[in-house]
Peer 1: 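Questions regarding the structure given below will be posed in turn.
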2 protein chains.
Amino acid sequence: MDANDALKLESQFCFAVYSAAHAVMRAYRPLLEALGLTYPQYLVMLVLWEADGQTVGGIAERLMLESSTLTPLLKRLEAMGFAERRRNPENERQLIVSLTAAGWALQEKAMAIPPGILACSGRTAPELTNLREALVEVRDSFAAARAESRRIGEVGEG
Amino acid sequence: MDANDALKLESQFCFAVYSAAHAVMRAYRPLLEALGLTYPQYLVMLVLWEADGQTVGGIAERLMLESSTLTPLLKRLEAMGFAERRRNPENERQLIVSLTAAGWALQEKAMAIPPGILACSGRTAPELTNLREALVEVRDSFAAARAESRRIGEVGEG
DNA sequence: CGATAATATATCGTGTGCGATTTAATATGT
DNA sequence: ACATATTAAATCGCACACGATATATTATCG
């Protein structure tokens, strides 16, 4: 990579990730319309279908999102009747998010989504698996670099 | 991939892309603070540094974004003094976006960003190039599938 | 030439996302 | 026990991001 080309859009790994994320979310939109969910809402449902009754912090860690993102999103899921939010009696700081019957019923419909997405990708499942594993490694490097720089105190409250 | 596992978060390619995009943007934030730009604003600057004086539509196509996203963003770049917006005299429907002297001056500072990002990635440049190329191919498959389904008229104004 | 279609951008409403801060509850240290 | 620190969510302000629609301009067709 020539230093002169480093600022070229097409040479940038990060733009590839950024634009791929948008392309993927646009592919989900028509499929998720049948469930009445947005993509981030669908991700929360995936997390809850795997393990119901998690705290906001647990969901946030799993999805790598902040409470400031999840709080309004979870309120919408509750308003739609797919989830319930109640304080943990053991620890009143925590909020336990649980699926309703309607939330569980949605899982059936969601079964149709992964095959639809696979079709849009134009790739085989093993190809996507390989790419996913490589991507997760780089993602975790970025996350670790950020955590380290925050630990050192380059940013933050000090 | 077992059908039972298709709805598992960790098995999903799309969540890897989604979460990687967030991790990447979080890595840019401290670096871009020195320039006073957000990541999407930085992308627009990259496009204009490569070719100044593009239309909104041209920038949108390059970044795969909608005019409804770019219009307010470009107004902010103009308000910050990095870009100018003027109608094309040849075609008054079009808006030409041009860099100011301050916008060009920013390119110098931006030179420090790609090396900083490379360091956060924990990968070599060739490794990122390989991953980028694979990712762009999948992204374009998703985009093509969407364009095709819209052409057929599965969605849209019909 | 004039009605109609197509094009380019802007506007509006909704839903993420995040950093910074606030509020409330629990843990810790003396 | 009680002041202090830590933790967990929520709130606030700002900036994307998109679909749907509106507006203005240009192109097209009869």
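All values below were derived from every heavy atom in this structure, side-chain atoms included, with hydrogens, water molecules and symmetry-related copies excluded. Letters A, B, ... are given to chains in the order of the sequence lines, protein chains preceding strands, and every chain is numbered from 1. Computed from a prediction, not measured in an experiment: that's the story for all the values here.
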Peer 1: In this structure, would A:Leu46 and A:Ile96 fall into the same cluster of hydrophobic residues linked by side-chain contacts under 4.5 Å?
Peer 2: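 Different clusters: A:Leu46 never reaches A:Ile96 through Ile, Leu, Val, Met, Phe, Trp or Tyr contacts under 4.5 Å.
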
Peer 1: How many whole angstroms separate atom CG of A:Leu37 from atom P of C:dG15?
Peer 2: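 Distance, rounded to whole Å: 12 Å.
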
Peer 1: C:dT9 C1' sits how many Å from B:Arg86 CZ, rounded?
Peer 2: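 From B:Arg86 CZ to C:dT9 C1': 16 Å.
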
Peer 1: What's the CG-P distance between B:Leu95 and D:dT26, to the nearest Å?
Peer 2: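 For the pair B:Leu95 CG and D:dT26 P, the rounded distance is 13 Å.
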
Peer 1: Indicate, yes or no, whether a donor-acceptor pair under 3.5 Å links the base of C:dT7 to the side chain of B:Arg93.
Peer 2: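 Present.
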
Peer 1: What is the distance, rounded to the nearest whole Å, between atom CD of B:Glu90 and atom C1' of D:dA24?
Peer 2: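 The distance from CD of B:Glu90 to C1' of D:dA24 comes to 18 Å, rounded to the nearest Å.
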
Peer 1: Atom CD of A:Glu33 to atom P of C:dT14: distance rounded to whole Å?
Peer 2: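 Value for this atom pair: 16 Å.
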
Peer 1: May I ask you to verify if any side-chain N or O of B:Tyr18 is less than 4.0 angstrom from the OP1 or OP2 atom of D:dA17?
Peer 2: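 Looking at the OP1 and OP2 atoms of D:dA17, neither is under 4.0 Å from any side-chain N or O of B:Tyr18.
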
Peer 1: Go through residues 62-77 of chain A and report each residue with a non-hydrogen atom lying under 4.0 Å from DNA chain D, sorted by number.
Peer 2: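 Within this stretch, A:Ser67, A:Ser68, A:Thr71, A:Lys75 sit under 4.0 Å of the strand.
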
Peer 1: Over 60° means perpendicular and under 30° means parallel, so classify the ring planes of A:His22 and A:Tyr18, tilted if in between.
Peer 2: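 Ring orientation of A:Tyr18 relative to A:His22: perpendicular.
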
Peer 1: Could you tell me the separation between the CE atom of B:Met25 and the C1' atom of D:dC16, rounded to a whole number of Å?
Peer 2: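 Nearest whole value for this atom pair: 8 Å.
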
Peer 1: Can you tell me which nucleotide in D:dA9, C:dT16, D:dA15 comes closest to the side chain of B:Thr38?
Peer 2: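 That would be D:dA15.
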
Peer 1: Spell out, as yes or no, whether a donor-acceptor pair under 3.5 Å connects the side chain of B:Gln107 to the backbone of B:Trp49.
Peer 2: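 Not confirmed, B:Gln107 side chain does not pair with B:Trp49 backbone.
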
Peer 1: Side-chain heavy atoms nearer than 4.5 Å, only ILVMFWY residues, links allowed to pass through others: does that put B:Val17 and B:Val136 together?
Peer 2: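 No, no single cluster joins them.
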
Peer 1: Return whichever of A:Pro89 or A:Gln41 has its heavy-atom-nearest nucleotide of DNA chain C closer to the 5' end.
Peer 2: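 Final value for this comparison: A:Gln41.
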
Peer 1: So, are B:Lys75 and B:Glu78 salt-bridged, with charged N and O less than 4.0 Å apart?
Peer 2: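 No, no charged N to carboxylate O under 4.0 Å.
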
Peer 1: For A:Asn91 and A:Arg29, find the nucleotide of DNA chain D closest to each by heavy atoms; which residue's nucleotide sits nearer the 5' end?
Peer 2: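 Upstream on the strand: A:Asn91.
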
Peer 1: What is the distance, to the nearest angstrom, from the CD atom on B:Glu78 to the P atom on C:dA10?
Peer 2: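 Spelled out: CD on B:Glu78 to P on C:dA10 is 10 Å.
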
Peer 1: Can you figure out which of C:dG15, C:dG17, D:dG19 approaches the side chain of B:His22 most closely?
Peer 2: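 In terms of side-chain proximity for B:His22, the closest of C:dG15, C:dG17, D:dG19 is C:dG17.
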
Peer 1: Go through D:dA17, C:dA10, D:dA9 for me and flag the one nearest to the B:Arg85 side chain.
Peer 2: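 Output: C:dA10.
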
Peer 1: Could you work out which one of C:dT26, C:dT9, C:dG19 sits closest to the side chain of A:Arg146?
Peer 2: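 Selected nucleotide: C:dG19.
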
Peer 1: Rounded to whole angstrom units, what separation is found between the CD atom of A:Glu92 and the P atom of C:dA27?
Peer 2: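 Atom-to-atom, A:Glu92 to C:dA27, this comes out as 12 Å.
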
Peer 1: Would you say a side-chain N or O of A:Arg150 is under 4.0 Å from OP1 or OP2 of C:dG19?
Peer 2: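 Looking at the OP1 and OP2 atoms of C:dG19, one of them is under 4.0 Å from a side-chain N or O of A:Arg150.
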
Peer 1: Quick check: does any side chain N or O of A:Gln12 sit under 3.5 Å from a backbone N or O of A:Ala6, one acting as donor and the other as acceptor?
Peer 2: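 Yes, A:Gln12 side chain to A:Ala6 backbone: donor-acceptor pair under 3.5 Å.
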
Peer 1: Quick one: do A:Leu9 and B:Met64 end up in the same hydrophobic cluster if we chain Ile, Leu, Val, Met, Phe, Trp and Tyr together by side-chain heavy atoms under 4.5 Å apart?
Peer 2: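 Unlinked, A:Leu9 and B:Met64 end up in two clusters.
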
